[in-house]
Amino acid sequence: PAFVPGQNVYAAEFVPSFQKS
Amino acid sequence: QDPLTATMLATAPPQEQKQMLGERLFPLISQMFPDLAGKITGMLLEIDNSELLHMLESQESLEAKVKEAVAVLQAHQAKESAT
């Protein structure tokens, strides 16, 4: 399937800074 | 917190720009989909920064994109659990 930005289920999960150690 | 501007973004390196945008998008997405917020934010961060800035200003366009991403993600998960 064509790659559509914003629809890529394999994109890395975003971790907000307040959850980082 | 001040709104994020294109000028502010331009002063940061590319990878940091995505993090800055993600920090703003994440809380908004968390309100809609608390369990999927990290994944959805990650998916949306592949979109052009200029479009992401617009989405931060327009609740409507953000919601539309988030729903699109959730639909794609759920369809993918359904397909995976079926196999």
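The figures that follow rest on heavy atoms only: side chains count, while hydrogens, waters and symmetry mates do not. Numbered from 1 within each chain, the chains take letters A, B, ... in sequence-line order.
Residue Met43(B) holds its CE atom at 7.0 Å from CG of Asn8(A), rounded to the nearest 0.5 Å. Between atom CD1 of residue Ile29(B) and atom CZ of residue Phe14(A) there is a gap of 9.0 Å, rounded to the nearest 0.5 Å. Taking CD of Glu13(A) as the reference point, atom CG of Leu36(B) lies at 9.0 Å (rounded to 0.5 Å).
Taking all atoms of both residues into account, the shortest heavy-atom contact from Gly6(A) to Ala69(B) is O-CB, 3.4 Å. Of all heavy-atom pairs between Val9(A) and Val72(B), the closest is CG1-CG1, 3.7 Å.
No hydrogens or angles considered: a donor-acceptor pair under 3.5 Å links the side chains of Ser17(A) and Glu23(B).
For Leu44(B), the parts sitting under 4.5 Å from any heavy atom of chain A are the backbone and the side chain alike.
Side chain of Lys39(B) to backbone of Ala11(A): a donor-acceptor contact under 3.5 angstrom is found.
Evaluation of the ring pair (Phe, Tyr, Trp, His ring centres under 6.0 Å) rule for His76(B) yields Tyr10(A) as partners, not counting sequence neighbours.
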